[in-house]
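One is the number of the first residue; the rest follow in order along the sequence.
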Amino acid sequence: MDNGSLNARRRSRELRRVAEERLDVLVVGLGATGAGAALDAASRGLSVAAIDAHDLAFGTSRWSSKMIHGGLRYLAKGQVDVAYESAVERGILLRTTAPHLVAAHPYLLPLTKAVSRRQAALVMSGYRLGDGLRAAARTPRRLLPGPTRLSAARTRTLAPVLDGDGLRGALLSWDGRLLDDARLVVAIARTAAAHGARVLTRCRALRLTGQGALVRDELTGEEFDVRARVVINAAGVWAGGLDPEVRLRPSRGTHLVLAQGTLPGLIAGMHVPIPGETNRFALVLPQRDGRVYVGLTDEPVDGPVPDVPEVPEEDVRTLLEVLNGVLETQVTREAVAGAYAGLRPLLAADGHTADISRRHAVLSHDGIVTVIGGKLTTYRRMAEDAVDEAVSSAKLPARRSRSRKIPLAGAGPRPSGVPPRLAERYGSEAGAVHELVKARPAEVGLGITEGELVWSVRHEGALDEGDLLDRRTRIGLVKQDRDRALPATRDVLRRTPRD
């Protein structure tokens with residue numbers, strides 16, 4: 001019997017056990033916020049199941065800019081509370097919950113001819129205010145250095161691809177960034193499971209009620225009633241389909257994936273001002289694997305919500321035009337090896353989606369708590385607020401939230417004697433991963449080995465090649481890389497029993 005059949009039978013049994021109980025909390029959606037809600041509720045001593053129609057981080061949570069930021073843009077809009085909340089949550093991730101996945105990274109704002117001296121002064125004032133938020137959030141400067149101005153020569157050492165003609169230097173700021181947003185969600189979900197939550201992928205909520213949900217096991221087609229005292233709807237852009245009282249206006253954020261070697265020598269990220277916009281910048285983000293991400297757009301999306309959003313060619317042209325405005329050598333369309341788009345689950349409001357507040361909202365009625373809006377950086381606070389409302393509305397006996405003090409899986413000390421790349425990706429678990437890599441050292445793609453895929457099947461809930469290539473790793477962002485990796489990936493799935 002192959003691994004897929006074994007997993008289907010195992011999951012069917014697990015769903016039957018869940019269906020036989022009455023849970024305290026059922027969480028629908030396993031993006032960052034849903035996984036965070038499962039962890040928050042389970043760590044308070046509540047019985048919890050968390051389900052998703054697809055996989056961990058299948059939706060918006062894997063399509064971000066990989067930034068954990070302090071909310072400087074919201075500060076510029078006068079949304080001080082949102083900016084402060086972002087700074088606090090960034091500090092929690094850097095210091096306590098995910099120091100193995102989140103680290104400080106430098107970003108340049110090139111002072112080109114298009115950036116006036118007045119605009120540069122305003123941006124630097126904003127950076128200094130943001131540094132004040134860092135201090136207010138008690139994030140030490142050793143974890144997040146302050147802003148400064150660089151000479152043109154120093155700027156070109158960090159970003160030699162910049163056009164030197166008229167370059168006056170750059171403003172250097174620091175912010176948090178993730179190695180991989182999907183890996184953050186996996187770590188949250190695994191930590192929730194360690195605290196007793198039952199985390200079930202390929203389990204679709206068909207209908208929510210105040211007493212639970214009708215769900216379908218997508219691997220077998222079987223339907224079950226899952227009973228719960230309260231339901232938390234954390235389905236992101238799909239939340240409105242489960243709760244008709246929720247009105248959303250999704251916004252599409254597109255990123256380009258530039259092929260390795262396209263921007264040689266780029267060390268720092270870059271903020272590139274978007275012509276004609278105030279306080280909006282394109283992001284240029286060099287990756288460890290040599291790729292470069294360029295994003296992001298902010299366009300309203302109407303109509304049905306797709307499982308995987310498509311990238312319009314217009315978004316590609318727009319981002320290339322902004323990028324090429326500061327480069328010495330132009331990036332052509334052929335250098336775009338891939339692209340991805342995520343849909344932000346914004347509450348409906350009048351005006352352009354770029355102007356809609358990123359404040360999150362918790363809506364409650366008839367035993368259903370919906371959490372919506374917000375951003376990846378503040379997932380933990382969103383989850384805490386949702387569970388607070390669930391506990392209050394259902395009168396559950398529960399402790400106060402302690403999720404700000406719970407390190408995520410892998411957050412302990414990194415072992416010595418393991419390759420740096422593994423230490424970066426797996427933190428304190430890198431030693432165990434390294435043993436598998438030594439047994440299965442063949443590279444699948446981007447330096448990732450068969451041993452790492454085995455780890456994901458055994459310990460990270462991966463069920464098929466999409467889980468492995470598109471979420472546990474990001475090989476699948478470029479189709480050619482994905483195609484090359486498929487045979488080895490299928491072999492790993494066939495030969496690896498899941499614990």
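- Val369 has its side chain within reach of Val230: a pair of non-hydrogen atoms, C-beta onward, lies under 4.5 Å apart.
- Looking at Arg288 and Leu179, their side chains come closer than 4.5 Å, going by heavy atoms from C-beta outward.
- Ring centroid separation for the pair Tyr107 and His271 comes in under the 6.0 Å cut-off.
- Within 6.0 Å of the CZ atom in Arg138, the count of heavy atoms belonging to other residues, nucleotides or ligands does not exceed 12.
- Using modelled atom types, one side-chain atom of Lys66 and one backbone atom of Ser64 make a donor-acceptor pair closer than 3.5 Å.
- Counting only distance, with no hydrogens or angles, the side chain of Arg168 and the backbone of Thr112 share a donor-acceptor pair below 3.5 Å.
- Formation of a donor-acceptor pair under 3.5 Å by the Tyr84 side chain with backbone atoms of Gly70 is not found in this model.
- With contacts defined as side-chain heavy-atom distances shorter than 4.5 Å, the pair Pro99/Leu94 does not qualify.
- Among all heavy-atom pairs drawn from Pro110 and Val115, the shortest one is O-CG2, 3.7 Å.
- Remark: Arg482 engages Asp470 in a salt bridge, criterion side-chain N to carboxylate O under 4.0 Å.
- Taking a 6.0 Å sphere around CD of Glu310, one finds it holds 12 or fewer heavy atoms contributed by other residues, nucleotides or ligands.
- Looking at Ile267 and Pro286, their side chains never come closer than 4.5 Å, going by heavy atoms from C-beta outward.
- The local environment of CD in Glu314 is sparse, with at most 12 non-hydrogen atoms from other residues, nucleotides or ligands closer than 6.0 Å.
- The residues Glu85 and Arg90 are annotated as not salt-bridged, no charged nitrogen and carboxylate oxygen being separated by less than 4.0 angstrom.
- In this structure, Met270 and Leu162 have side chains that are in contact, with non-hydrogen atoms separated by less than 4.5 Å.
- No hydrogens or angles considered: nothing links the side chains of Arg472 and Ser456 as a donor-acceptor pair under 3.5 Å.
- Thr297 places a side-chain N or O within 3.5 Å of a backbone atom of Thr254 that can act as its donor or acceptor partner.
- Remark: Arg62 qualifies as a cation-pi partner of Phe58 under the 6.0 Å distance and 45° angle criteria applied to the six-membered ring.
- Between Arg183 and Glu460, at least one side-chain N (NZ, or NE/NH1/NH2) sits under 4.0 Å from a carboxylate O, which counts as a salt bridge.
- Considering every non-hydrogen atom in both Leu248 and Val237, the closest pair reads CD1-O, 3.8 Å.
- A salt bridge does not link Arg128 to Asp131: none of the charged side-chain nitrogens sits closer than 4.0 Å to a carboxylate oxygen.
- Side chain of Asp40 to backbone of Gly36: no donor-acceptor contact under 3.5 angstrom is found.
- A heavy-atom distance below 4.5 Å is found between the side chains of Val336 and Leu320.
- With 3.5 Å as the limit, one finds a donor-acceptor pair spanning the side chains of Ser364 and Glu389.
- Taking 4.0 Å as the cut-off between side-chain N and carboxylate O, Asp464 and Arg202 count as a salt-bridged pair.
- When all heavy atoms are compared, the tightest approach of Asn233 to Ala239 is ND2-O, 3.2 Å.
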Inset, instruction - Evaluate the side-chain contact (heavy atoms from CB on, under 4.5 Å) criterion for residues Asp388 and Val391: first the C-alpha distance (whole Å), next the side-chain angles of each, then the deciding distance (0.1 Å), finally the verdict. - result: CA-CA 5 Å; Asp388 280 347; Val391 167; 5.9 Å; no
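- Electrostatic pairing of Asp481 and Arg291 counts as a salt bridge here, judged by a charged N lying under 4.0 Å from a carboxylate O.
- By the 4.5 Å heavy-atom criterion applied to side chains, Leu158 and Leu150 are counted as neighbours.
- Side-chain polar atoms of Asp385 and His360 form a donor-acceptor pair below 3.5 angstrom.
- Salt-bridge annotation for Arg474 and Asp181: present, with a side-chain N of the basic residue lying under 4.0 Å from a carboxylate O of the acidic one.
- The residues Arg252 and Asp315 are annotated as salt-bridged, a charged nitrogen and a carboxylate oxygen being separated by less than 4.0 angstrom.
- One N or O on the side chain of Asn324 and one on the backbone of Val331 form a donor-acceptor pair closer than 3.5 Å.
- In summary, of the residues considered (Arg190, Arg414, His100), a side-chain hydrogen bond (donor to acceptor under 3.5 Å, both in side chains) with Glu429 occurs for Arg190 alone.
- Between the side chain of Gln480 and the backbone N or O of Val478 there is no donor-acceptor pair closer than 3.5 Å.
- Salt-bridge annotation for Arg421 and Glu452: present, with a side-chain N of the basic residue lying under 4.0 Å from a carboxylate O of the acidic one.
- One N or O on the side chain of Ser151 and one on the backbone of Arg154 form a donor-acceptor pair closer than 3.5 Å.
- A donor and an acceptor atom, one from each side chain of Ser403 and Arg380, are located under 3.5 Å apart.
- For Thr449 (side chain) and Val437 (main-chain N/O), no donor-acceptor pair under 3.5 Å exists by modelled atom type.
- Between the side chain of Thr489 and the backbone N or O of Ala485 there is at least one donor-acceptor pair closer than 3.5 Å.
- Contact detail for Ala430 and Leu422: the closest heavy-atom pair is CB-O, 3.6 Å.
- Looking at heavy atoms from C-beta onward, Leu39 lies in side-chain contact with Leu408 at the 4.5 angstrom threshold.
- Side-chain atoms of Thr201 and Asp55 form no donor-acceptor pair, as typed in the model, at a separation below 3.5 Å.
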